[in-house]
Amino acid sequence: MNNDLYIYNTLSRKKELFVPINPNHAGMYVCGPTVYGDPHLGHARPAITFDLVFRYLQHLGYKVRYVRNITDVGHLESDADEGEDKIAKKARLEELEPMEVVQYFSDRYHEFMGRLNVLKPSIEPRASGHLIEQIAMISKLVEAGIAYESNGSVYFDVEKYNQTKKYGILSGRVLEDLLANTRDLEGQDEKRNSFDFALWKKAQPEHIMRWPSAWSEGFPGWHLECSAMSTKYLGETFDIHGGGMDLMFPHHEAEIAQSTACNHKPPVKYWMHNNMITINGQKMGKSLGNFITLEEFFKGSHPALTQAYSPMTIRFFILQAHYRSQLDFGNEALQAAQKGFDKLMKAMLTIQKIAPQSTSTADIASLEKLCYEALNDDFNSPILIANLFEAVRIVNSAYDGKEKLTAEDISQLKKLFSTFAIEILGLLPEVDPAEGGKVVEGLMKLILEIRANARANKDWATSDRIREELAAVNISVKDTKDGATWSID
RNA sequence: GGUAUCAUGGCCGAGUGGCUAGGCAACGGUCUGCAAAACCGUGUACAGCGGUUCGACUCCGCUUGAUACCUCCA
């Protein structure tokens with residue numbers, strides 16, 4: 001592999017050359033969704049970010065095992081709810097079995113990720129299916145003396161861990177500072193220190209989701225599943241761990257501590273974190289109540305949206321920003337993304353119509369090189385897209401006869417688009433639902449024939465009227481040298 | 001309060017110690033019966049104040065502002 005890939009590692013806060021632990025293989029774990037609500041734009045960002053990583057690693061020839069979990073137990077509600085499980089709460093409210101809720105929202109998640117053309121991970125483990133592994137891990141930590149039982153619950157002893165290892169290496173936290181900034185929270189009295197975190201929680205009587213263990217009937221702590229499942233499927237040390245920046249502390253920090261204490265080696269070589277999506281400069285999140293679900297985006301049914309946006313528009317919008325930058329949502333920006341995306345897709349059709357020349361005025365090989373350089377520089381998709389637009393310019397110019405392309409150039413350009421736009425960025429031309437209709441096809445043929453006749457008679461009034469009336473129902477007609485073409489907007 | 005990140009033209013968003021990011025919008029032009037598309041051209045953008053430097057938007061310091069995390073969140 002002569003492509004040197006550099007990845008920004010949160011651990012070192014530097015771009016580092018990617019060297020896999022096992023040659024030609026890559027292991028990646030990404031924190032997936034907690035399935036108690038409809039997928040929103042915030043879910044799309046990490047899914048698409050690590051989809052790009054997954055696709056590019058595969059393109060480079062790595063055999064990738066990509067594990068993305070589904071959290072279906074263990075996330076505690078806020079202290080106001082006295083530690084009730086999020087899934088259980090929703091289930092009780094709707095009088096459903098917890099697993100019914102999990103099933104429904106998992107399906108919804110998969111449906112919308114599919115529409116965003118996000119590839120399925122290699123393994124998608126559920127926390128509820130790995131109780132044995134989690135309990136085994138807790139036992140190991142208790143035996144090692146790094147975890148302690150208290151009133152049926154088990155906590156990780158952060159201070160003790162910190163005596164031999166360093167707690168806070170990922171987020172730059174210092175234990176003393178954490179101690180100084182303690183707040184009063186429920187259940188705090190069971191812990192030795194406020195920053196200790198739960199490995200196992202004893203279930204309250206009204207708690208529906210519960211499993212037996214040596215300590216109590218209860219459920220696993222919310223950081224544990226990722227440690228248990230990543231170790232199981234990727235090994236004690238694996239290549240890449242991804243997730244949203246908001247998970248850096250305490251979630252990923254806790255993962256590092258648990259896994260290190262358990263396996264006596266650092267669990268992850270490269271930590272990658274995607275940044276947040278903001279709306280009016282504020283994070284889009286469930287707790288803030290300002291999130292827009294993907295369904296609302298696709299239907300345009302949210303007050304903040306002036307129109308519907310297609311899945312590919314959303315995907316393109318997200319990829320136009322670097323994954324480590326904050327991305328601000330806005331209708332103007334979305335509309336710009338939609339138009340830019342259309343332009344890119346149109347060029348892929350235009351390229352089919354270019355007549356090869358004997359000489360060339362374009363340098364496709366250097367363009368390809370720039371595309372690889374962009375991706376190798378910490379997956380810089382905005383730069384890659386800028387380069388693809390250079391290719392678009394070349395294609396359109398060639399179609400206008402202002403650039404000359406050889407047959408070889410044309411095939412290189414086709415390859416460039418199929419490799420970078422479709423295969424790696426995962427952008428697909430969107431099939432208009434109405435376009436397949438034979439009826440519409442036939443009607444349009446007839447209408448355009450009539451219009452062509454009118455035009456032959458220089459009956460511009462009729463010609464224009466047809467075009468305008470069609471425009472009113474979102475069909476645009478464009479006159480070219482070879483006759484009129486139409487498309488549904 | 002602590003930790004971290006950021007501040008780029010009408011909007012979104014890259015990047016760099018001196019050389020055009022890109023997309024959208026706007027304006028002018030080519031083409032066209034008109035329109036659209038496409039192509040060509042146009043924008044004293046780098047929060048403020050100091051400092052380093054031959055030269056800073058890019059490095060350093062301060063100020064102001066914003067965001068994230070410190071409590072479930074992608």
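The shown structure was predicted, so the numbers you read here are calculated from the model rather than taken from an experiment. Side-chain atoms are counted along with the backbone in the values below, which use heavy atoms only and exclude waters and symmetry mates. Below, chain A is the first sequence line, B the second, and so on; all start at residue 1.
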- For atom P, what is the distance between B/A47 and B/U16, given to the nearest Å? 15 Å
- Message: What verdict does the salt bridge (charged side-chain N to carboxylate O under 4.0 Å, His left out) test give for A/Glu295 and A/Arg108, after you've listed the backbone C-alpha separation in whole Å, the side-chain angles of each residue and the deciding distance to 0.1 Å?
- Response: CA-CA 10 Å; A/Glu295 185 170 53; A/Arg108 292 283 287 176; 2.9 Å; yes
- For A/Gly172, report the nucleic acid contact type (base, sugar-phosphate, nothing); a contact means any heavy atom under 4.0 Å. sugar-phosphate
- Task: Would you mind reporting whether A/Arg126 and A/Ser106 have side-chain heavy atoms less than 4.5 Å apart?
- Result: yes
- Query: What integer distance in Å separates A/Leu384:CG from B/G23:P?
  - Reply: 14 Å
- Task: Quick one: look up who B/U5 pairs with, Watson-Crick or G-U, both distances under 3.5 Å, and put none if it's unpaired.
- Result: B/A66
- Message: I'd like the P distance from B/G17 over to B/C6, given in whole Å.
- Response: 15 Å
- Give none if B/G41 has no partner; otherwise give the nucleotide forming a Watson-Crick or G-U wobble pair with it, both distances under 3.5 Å. B/C27
- Item | Sugar-phosphate only, base, or nothing, as touched by A/Leu344 at under 4.0 Å among non-hydrogen atoms | nothing
- Between B/U44 and B/G10, how far is it from one P atom to the other, in whole Å? 11 Å
- Message: Counting the atoms with a prime plus P, OP1 and OP2 as sugar-phosphate, which does A/Met276 contact under 4.0 Å by heavy atoms, base, sugar-phosphate, or nothing?
- Response: base
- Going 5' to 3' through nucleotides 26-39 of chain B and flagging B where a protein heavy-atom sits under 4.0 Å of the base, S where only the sugar-phosphate is that close, and - otherwise, we get -------BBBB-BB
- Carboxylate-amine/guanidinium contact A/Asp342 A/Lys339, below 4.0 Å: no
- Task: Assign A/Thr485 to base, sugar-phosphate, or nothing according to its heavy-atom contacts below 4.0 angstrom with the strands shown.
- Result: nothing
- A/Arg465 bridged to A/Asp459 by N-O distance under 4.0 Å: no
- Listed once per pair and sorted, the salt bridge (charged side-chain N to carboxylate O under 4.0 Å, His left out) pairs that draw on residues 311-334 of chain A, sequence neighbours left out: A/Asp51-A/Arg315, A/Arg324-A/Asp378
- Scan every strand shown for a Watson-Crick or G-U wobble partner of B/A35, both distances under 3.5 Å, and answer none if you come up empty. none
- Message: Base, sugar-phosphate or nothing for A/Gly244? Non-hydrogen atoms, less than 4.0 Å.
- Response: sugar-phosphate
- Query: Is A/Lys339 near enough to B/A25 that one of its side-chain N or O atoms lies under 4.0 angstrom from OP1 or OP2?
  - Reply: yes
- Task: Would you mind telling me which of A/Phe249, A/Phe156, A/Tyr161, A/Trp222 makes a ring-ring contact (aromatic ring centres under 6.0 Å, His included) with A/Phe197?
- Result: A/Phe156
- Looking only at atom C1', what distance separates B/U30 and B/U53, rounded to whole Å? 46 Å
- Salt bridge present between A/Glu124 and A/Lys120 (N-O < 4.0 angstrom): no
- Can you say whether the rings of A/His251 and A/His223 are parallel (under 30°), tilted (30 to 60°) or perpendicular (over 60°)? tilted
- Query: In B/S/- notation, 5' to 3', how is nucleotides 10-21 of chain B contacted by protein heavy atoms closer than 4.0 Å?
  - Reply: -SSSSS-----B
- Would you call the rings of A/His252 and A/Trp271 parallel, tilted or perpendicular, where under 30° means parallel and over 60° means perpendicular? tilted
- Test A/Phe341 against every option in A/Gln338, A/Lys343, A/Met345 by the side chain to side chain contact (heavy atoms under 4.5 Å, CB included) rule and name the one that passes. A/Met345
- Nearest-Å distance, CD1 (A/Ile277) to P (B/A66)? 22 Å
